[in-house]
Amino acid sequence: MSFKNIVRELRGRNKANGRRGRSHIAPEGSSSSSPSADGCFDQSVWVDLPPELLLDIIHRIESGQTSWPGRRDVVACASVCKAWREMTKEVVKVPELSGLLTFPVSLKQPGPRDDSIQCFIKRERATGIYRLYLGLSPALTGDKSKLLLLAKRVRRATGVEFIVSLSGKDFSRSSSSNYIGKLRSNFLGTKFTIYENQPSPVDSGRSFNKKLSQTMRVSPWVTSSTHSYSMASILYELNVFRTRGPRRMQCIMNTIPVSSIQEGGQIHTPTELSNLGSKKKRGLIDFWSGNLGGESVVKESLVLKNKLPRWHEQLQCWCLNFKGRVTVASVKNFQLMAAAAEAGKDMNIPEEEQERVILQFGKIGKDTFTMDYRYPISAFQAFAICLSSFDTKPVR
C-alpha cells in the first residue's frame, strides 16, 4: 500500500468516528471517547505495526504537513490508538522548538525563541466575540486560517470578563472541557488579571474527590483554587485628565521567571491538557504553567512593558516599527518587551534579548488586528493580553 493510501485511510477512519475537523485529542477517560470507538481502534490493522515502521510513517507525515489544514493528518495519526498517540507525541515537537501549533496544549506552551508565531484577531461587535486565527491575515490565508481560540466579552457589575474557550458554541466555565481561562478587569479598567483553568501547584497533592464547602457551592462568584488561579496581571497607567499620548502598560507574568530569558534559561512546558469540566474524570493531570516547587507565583516574575513610540513630526502622530504587520493607526497598537534592565546586569541577560519584542498587536482593518508572539509567553497568554486592549478605559 502506498504512503498516500495510508494517510487517506487514516483520515477516513477519523471521519467515520466523528473526529474529522477536530483539532485535538480528547483526554483519556473523557466523555468524547466512547468504548465502541476505542474497541474499533484496538482491532485496527494499524495497531500491530512495528515501532520502527510506525515511527517512520509519523515522521514523514509530520515533516510533510507544516501548515493547516494539512496538519490535520498529524492529528489523525494520534487518533488511531494509544500506541500511535504516544509515538505522535514523541515526534511532534513543542512550539518552542518547531514553531508549529498542532494540539490545543500547544496554545499553552511557550512560543519559538528565534522567530514569532503570526496570528490575527477578528472582532464581532454585535456578539462581543473575539476569534484568534493562525495566519498572516484574512486576505492572505482566507479559508485556510486555523481557528485557535475564542473569547466572549461579558459585562459584570464590577468590571468586564473575557471568557476564553476552544469552541464558539460553549463558553461554560463549570462543566465545559472547552474552557481555557478568563481575563477579568477591575471597575476602572486599569488592571486586568489572567486566570487559567488549571489547578494551582499548591493544590497538586490534593484530590478532586473532596466535596466543596457549603459556601463554595452556594456562591457561583467564589473562585475555587482547584479550578483557576491568577497567572498574570496587566496594569495600565491611569490618565485622569484624558491628555493625548500613547498608552502605558506593563504585564507581570506571575508564572514566568525572569531567568527564562537569560542564556540557557528554561520554563516549564505543559505536556497534557487537563479536562477539569468532565464529570467522568476528576483526577489531576500534571499540567500547569507555574513552577513545580509548590508555588503558583515565582520568586522573581518576568515583567513586560510596552515599547514607547516616537513622535513623527511630518505625520504628527506617535509611531512604532511593526515591520509591515500593522497598517492602521490606533491607540490599541502596542509592542511588549522584557522590562529587565535592572535584572539584566545581575542575571546575565543579553541586551539584545531585553530589546527584543515578545508580543506585538495592531490594527490592519475594521475589526481586524494582528498578533505576533514568541518565547517565553504562550498563545493563550498573548491573546489575553491583547484582549485587555479592547476594553474602553480612562488610561493613556
Side-chain angles (χ1 to χ4, degrees), residues 94-97 101 104-113 117 132 148-149 151 161-164 173 179-185 191-206 223-235 249-262 264-274 276 284-306 336-340 343 347 349 353-354 356 358-359 371 373-388:
V94 295
E96 181 181 348
L97 303 176
L101 300 177
V105 69
S106 304
L107 302 175
K108 289 196 173 183
Q109 293 174 337
R113 289 177 179 263
I117 294 181
L132 175 65
L148 300 178
L149 289 171
E161 280 190 359
F162 291 86
I163 312 299
V164 183
R173 292 175 294 176
Y179 174 70
I180 297 296
K182 66 180 178 181
L183 175 72
R184 176 184 292 176
S185 75
K191 180 180 179 180
F192 293 78
T193 305
I194 303 175
Y195 292 94
E196 192 175 18
N197 72 325
Q198 305 303 331
S200 171
V202 176
D203 300 324
S204 60
R206 303 177 186 176
T223 302
S224 172
S225 61
T226 59
H227 284 75
S228 63
Y229 71 99
S230 172
M231 63 183 307
S233 298
I234 308 165
L235 307 176
M249 60 182 294
Q250 70 173 3
C251 305
I252 304 174
M253 313 304 295
N254 299 329
T255 57
I256 302 179
V258 68
S259 60
S260 62
I261 61 174
Q262 70 180 10
Q266 298 292 331
I267 184 175
H268 173 68
T269 301
T271 58
E272 295 286 346
L273 190 64
S274 65
L276 296 181
L284 277 173
I285 296 180
D286 184 16
F287 176 167
W288 50 73
S289 299
N291 64 17
L292 300 178
E295 297 178 355
S296 60
V297 180
V298 296
K299 294 181 179 179
E300 202 165 352
S301 302
L302 174 66
V303 178
L304 305 178
K305 65 178 181 179
N306 66 312
L336 292 183
M337 58 185 185
M347 304 189 66
I349 299 177
E353 186 66 31
Q354 298 179 38
R356 184 173 297 181
I358 294 177
L359 170 64
M371 185 195 85
Y373 76 97
R374 60 179 294 272
Y375 179 90
I377 66 174
S378 64
F380 166 65
Q381 293 169 334
F383 186 41
I385 294 173
C386 293
L387 288 174
S388 69

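- Side-chain contact between V258 and V303 is absent, with no heavy atoms from C-beta onward closer than 4.5 Å.
- Residues satisfying the ring pair (Phe, Tyr, Trp, His ring centres under 6.0 Å) criterion with F380, sequence neighbours excluded, are absent altogether.
- Taking 4.5 Å as the limit, some side-chain heavy atom of I117 sits within range of a side-chain heavy atom of P112.
- Using a 4.5 Å heavy-atom threshold, the side chains of K108 and E196 count as touching.
- Partners of Y373 by side-chain hydrogen bond (donor to acceptor under 3.5 Å, both in side chains), not counting sequence neighbours: none found.
- Counting all heavy atoms, side chain and backbone alike, A338 lies closest to I358 at N-CD1, 4.1 Å.
- Applying the salt bridge (Lys or Arg N to Asp or Glu O under 4.0 Å) criterion to R356, with sequence neighbours excluded, gives E352, E353.
- What you find for S230 and Y195 is that their closest heavy atoms are N-CD2, 3.7 Å.
- Summarising the geometry, atom CD1 belonging to I194 is positioned 6.5 Å from atom CD belonging to Q381; distances are rounded to the nearest 0.5 Å.
- With sequence neighbours excluded, the residues satisfying side-chain contact (heavy atoms from CB on, under 4.5 Å) with S260 are I256, P257, I267, Y375, P376.
- Every residue two or more places apart in sequence or in another chain was checked for a side-chain hydrogen bond (donor to acceptor under 3.5 Å, both in side chains) with Q109, and none qualifies.
- Looking at heavy atoms from C-beta onward, V164 lies out of side-chain contact with L183 at the 4.5 angstrom threshold.
- Using a 4.5 Å heavy-atom threshold, the side chains of R184 and F192 count as separate.
- Here E161 contributes atom CD and L387 contributes atom CG; the two are 12.5 Å apart, rounded to the nearest 0.5 Å.
- Q250 has its side chain out of reach of L304: every pair of non-hydrogen atoms, C-beta onward, lies at least 4.5 Å apart.
- Between N254 and S233, the shortest heavy-atom distance links the atoms ND2-OG, 4.1 Å.
- Put simply, the side chain of M253 reaches to within 4.5 Å of the side chain of I377, judged on heavy atoms.
- The shortest distance between side-chain heavy atoms of L107 and I180 does not fall below 4.5 Å.
- Considering all non-hydrogen atoms of both residues, V105 and P270 come closest at CG2-O, 3.8 Å.
- Between atom CZ of residue F162 and atom OG of residue S185 there is a gap of 7.5 Å, rounded to the nearest 0.5 Å.
- M249 is linked by a side-chain contact (heavy atoms from CB on, under 4.5 Å) to I234, Y236, C251, N306, F334, L336, I385, counting only residues two or more places apart in sequence or in another chain.
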